[in-house]
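A short worksheet on the structure shown next.
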Amino acid sequence: GGATIAYALILGPRWPYVAFWAIPSILASIQLFVFGTWLPHRTDDYAPFADSHNARSPAMSDTLSLLTCYHFGGYHHEHHLHPGVPWWALPRTRTGPRR
């Protein structure tokens, strides 16, 4: 907030703060919502949820899962089953078919 404004006034033009701070923050929030919340929890899909977590792991490659949301989308059900596992270890938690 205030620090950003002070730096902008002292250091010069504001466009770098928008281009390299505000816009990436907004895009990351949209990315997290779409791949980390909406897709894994959507109810308009014909497939029922596997259990009471009401989450599924959308079918995508490990590479795409990593790029879209650090495995939080592609391994979302596994995240619910093992909430203490760090994002980079989620692929090792998968047993059986995608849920």
- prompt: If you look at every heavy atom in His71 and Asp62, which pair is closest and at what distance?
  reply: CE1-O, 3.4 Å
query: Which residues, ordered by chain and number, are linked to Val34 in its hydrophobic cluster, where ILVMFWY side chains connect at heavy-atom gaps below 4.5 Å, directly or through other members?
result: Ile26, Ile30, Phe33, Phe35, Trp38, Leu39
task: With rounding to the nearest 0.5 Å, note down the distance linking CZ in Arg42 to OG1 in Thr37.
output: 13.0 Å
message: Please check if the number of heavy atoms outside Trp21 that lie under 6.0 Å from its CH2 is greater than 12.
response: no
message: Contact between Leu90 and Tyr70 at the side-chain level, heavy atoms closer than 4.5 Å - yes or no?
response: no
- prompt: Can you tell me how far the CG atom of Asn54 sits from the OG atom of Ser52, to the nearest 0.5 Å?
  reply: 7.0 Å
- line: Going by chain and number, the hydrophobic cluster around Phe72 (ILVMFWY, side chain to side chain under 4.5 Å) further includes Leu32
Closest non-hydrogen atom pair, Gly74 against Ser57: O-CB, 3.1 Å
field: Val85 versus Ala89, closest heavy-atom pair with distance
entry: CG1-CB, 3.6 Å
task: Show which residues join Leu67 in its hydrophobic cluster (side-chain heavy-atom contacts under 4.5 Å, direct or indirect), or state none.
output: none
Approximate separation, where rounding is to 0.5 Å, of Tyr75 OH and Met60 CE: 10.0 Å
task: Locate the shortest heavy-atom distance separating Ala55 from His80; write the atom from each residue and the value.
output: CB-CD2, 3.4 Å
message: Pairing donors with acceptors under 3.5 angstrom, does anything connect the side chains of His76 and His41?
response: yes
query: Are Leu66 and Trp88 connected, step by step, through hydrophobic side chains (Ile, Leu, Val, Met, Phe, Trp, Tyr) whose heavy atoms are closer than 4.5 Å?
result: yes
- prompt: Parallel under 30°, tilted from 30 to 60°, perpendicular over 60°: which one fits the rings of His53 and His77?
  reply: perpendicular
